Amino acid sequence: MATNVRRAAIERSDVSVPEPMQPQPLIDPTASARMAVLERYHILDTDRDAVFDGIAEIAAALLDAPIAVVNFIAVDRQWFKAGIGIGQRELPLDVSICRLALPERGIFVVPDLTLDDRFSCNPLVTVAEGLRFYAGTILESEGVPIGTVCVLDTEARAGGISDLQRRGLEALAVQAMAALERSAAAARDRFKLSLSEALLDSDDAEEMMSVAARMIGKYLGVAQAGFGIIDETQDFATVEKEWNDGRMPSIAGRWRMDDFGPDRVASLKAGNTLAIDDIHTADDDASTPADAPYDALAIRSLLSVPLVRDGIFVAVMFVHHPDAHAWRADEIELVEDCAARLWNAVMRARADERLLCSEAIARARADQIEAIYGAAPVGLAMFDRDLRYASINERLAQMNGASAADHIGKTQREVIPGLEAQPELDAELIETFNRALGGEALLGVQFSGATPARPGVVCSWRANYLPMHAATGEIVGVVLSVEDITDEQAAQDALRASEARLTQAQDLGGIGSWEWNHATGKGQVSPSYRRLHGLPAHGDLFGNDDLFAVMYPDDHASFRASVEAGIASGHRIVVEYRVVLPGEAGVRWIRGTGQRVESDLPPVTAGIV
């Protein structure tokens, strides 16, 4: 009841916020770095999310506080991804308490805001029934603080927070960052998928280039994106079409490449991606005495990804900024990935156009297939019946820690020193190859072991083994595709660990969480939820019948009425009921809160008890 009273005081519509008595200067040396990280996540101004909402709910319950938020600090505002007890999505920075928490890192607690000179004049504190207590844990990425999971109260807490609450907040911060990483990775994957689908919708190479330039330019927020085709002399690049948002002059035309720096062009011809944050300060090309060619085109920063086939520089994908821009690793990886997708699609389209032509066209198509083989994002190889490498692409050669040439004609034991010292892995590989030679297609086989490419690191791989048939139908070898899933496994392990810490925090705080599908009458509940209801920690989907079986009969009607009213109105659901514990344990009062997930149909609700 006390929490509800304090929350009502904060949410009163008649409370006015006075101007700050002593405005605090907005000196923030990490602002630009923080914004760069936030832009990478594409998180600002996104829709509410049930995962982040759940984190805020748990934080409020953990500290029995009226207000809890998951927020991110932009250059000019504090933006709330999730919030309990606050009716806004953002606040100006001059009244932000979290902004001043960022330099502290870790857990930041202020038992009484009125006694701290940094906050005593803040209008959120000086207003009637204003804030008194603050506790937050910093959200950090790439060494840069970007936001907080924090809890606030209108009553001071001289004792601060307990060790249990501190650990709980830390666990929630880990969970919030895991959710943020999943959200960012999902956004990038969705973009890559949408690009691939757009390329598949066209069979015209020029149209593919235009579509890819527009999509990449808009997604990255750059001013210009496009493609240059290199002529046979390797001296000139022709840009026929580009995407441009209007901030830069068109770059369409034929350009002498060495005018832009012979050293840079040589690096591109060697197959290296060129990323320059600021042309005016770059020192990568001593052969370019002036910035005039770039200044004439208003190019201040650039990212160029070459396509090199059979040692010949044939095309380049570029993105340009009119201002200095620090290219992030994920931006470079995204453009390289998109360039590879585009080149493959373009080569496919051009091969299809010439498929019915002469023998020379057939040879060109074979060359394109070879280029795709070499540029494939997974490791590929072919083995003869003696299990010796007949061919291998660079990706798999890099995984094994040897050049592609050093593989041909050798067995895996001969290529990978120390494989015999891993008898279980060696035996498993031989058995799998023999099964493929016997005609069996083996998909998704997972292995773990060490190679010279990453000394001392136990790597994990996912592989497919397919029998290779001659025209007569005879099995003449094995085709192998391999994907290095070491980082993926590590990320999954980290996610499982963070979920385990969240479950532990719920158990320690006496909190349970749930998500309910009201069309099926069943839902997912946490182990602590089941224990609070006197049930084993693990079981099948939890249903209405399971809940009412342990609920005190006199509470059934009021429980149903509260839930149905909350679903119909979209407002917060609050229920109180008793459960009959097994044996002689007696009766336990349960209080639950939740809310309908607005985007779901049929209705789904989520919350905590």
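Just so it is clear, the model here is predicted, and its values are computed rather than measured.
The line from CD1 of I58 to CG of D53 is 11.0 Å long, rounded to the nearest 0.5 Å. Atoms CG and CD1, on L274 and I332 in that order, are 10.0 Å from each other to the nearest 0.5 Å. Here the straight-line distance linking atom CG of L303 with atom CE of M317 works out to 8.5 Å at 0.5 Å rounding. Between C150 atom SG and F108 atom CZ the span is 11.0 Å, to the nearest 0.5 Å. Rounding to the nearest 0.5 Å gives a distance of 5.5 Å between CG of L180 and CD1 of I43. The OG atom of S526 sits 7.5 Å away from the CG atom of L532 when rounded to the nearest 0.5 Å.
Salt-bridge annotation for D163 and R167: absent, with no side-chain N of the basic residue lying under 4.0 Å from a carboxylate O of the acidic one.
Contact of the V211 side chain with the M215 side chain is registered, since non-hydrogen atoms from C-beta on lie closer than 4.5 Å.
Taking both residues in full, the closest heavy atoms of K269 and F313 are given as CG-CD2, 3.5 Å, listed atom of the first, atom of the second, then distance. Closest heavy-atom contact between R531 and R588: O-NH1, 3.6 Å. Across all non-hydrogen atoms, the minimal contact from S448 to W461 is C-CZ3, 3.8 Å. Minimum interatomic distance between A436 and P467 (heavy atoms only, all atoms of both residues): O-CB, 3.3 Å. In plain terms, the two heavy atoms of V378 and V482 that are nearest each other are CB-O, 3.5 Å. Among all heavy-atom pairs drawn from W343 and V305, the shortest one is CZ2-O, 4.3 Å.
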Exercise. Can E142 and R328 be said to form a salt bridge (Lys or Arg N to Asp or Glu O under 4.0 Å), step by step?
Worked result: CA-CA 11 Å; E142 302 176 16; R328 303 186 305 271; 5.7 Å; no
Exercise. Given D49 and K81, is the salt bridge (Lys or Arg N to Asp or Glu O under 4.0 Å) satisfied, shown in steps?
Worked result: CA-CA 8 Å; D49 183 286; K81 177 62 177 175; 5.1 Å; no
For this session: Please assess E474 against R385 for the test salt bridge (Lys or Arg N to Asp or Glu O under 4.0 Å), listing each intermediate value before the final yes or no.
Result: CA-CA 11 Å; E474 177 188 4; R385 288 198 62 87; 5.7 Å; no
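Between the side chain of N464 and the backbone N or O of G444 there is at least one donor-acceptor pair closer than 3.5 Å. Without hydrogens or angle criteria, W327 side chain to L302 main chain gives a donor-acceptor distance under 3.5 Å. Of the possible donor and acceptor atoms, none in the side chain of D337 sits under 3.5 Å from a partner among the backbone N and O of E333. Remark: the backbone N or O of D386 is paired with a side-chain donor or acceptor of D384 at under 3.5 angstrom. Although no hydrogens or angles enter the test, the distance criterion places a donor-acceptor pair under 3.5 Å between the side chain of S194 and the main chain of F191. A donor-acceptor pair under 3.5 Å is absent between the side-chain atoms of R462 and the main chain of I485, judged by distance alone. Under a 3.5 Å cut-off, the side chain of S528 and the backbone N or O of I511 do form a donor-acceptor pair. Of the possible donor and acceptor atoms, none in the side chain of D426 sits under 3.5 Å from a partner among the backbone N and O of Q422. Not a single donor-acceptor pair under 3.5 Å links the side chain of R395 to the backbone N or O of G379.
Between H533 and Y529, the ring-plane angle classifies as parallel under the 30° and 60° cut-offs.
For the side chain to side chain contact (heavy atoms under 4.5 Å, CB included) test, residues two or more places apart in sequence or in another chain that qualify with A33 are V144. For Y41, there are no ring pair (Phe, Tyr, Trp, His ring centres under 6.0 Å) partners two or more places apart in sequence or in a different chain. For D546, the side chain to side chain contact (heavy atoms under 4.5 Å, CB included) criterion is met by F542, not counting sequence neighbours. For H407, the ring pair (Phe, Tyr, Trp, His ring centres under 6.0 Å) partners are Y389, not counting sequence neighbours. Partners of S202 under the side chain to side chain contact (heavy atoms under 4.5 Å, CB included) rule, at least two apart in sequence or in another chain, are D204, E207, M208. Under the side chain to side chain contact (heavy atoms under 4.5 Å, CB included) criterion, A470 pairs with T472, V476, sequence neighbours left out.
Residues S301 and D277 bring no donor and acceptor atom of their side chains to less than 3.5 Å of each other.
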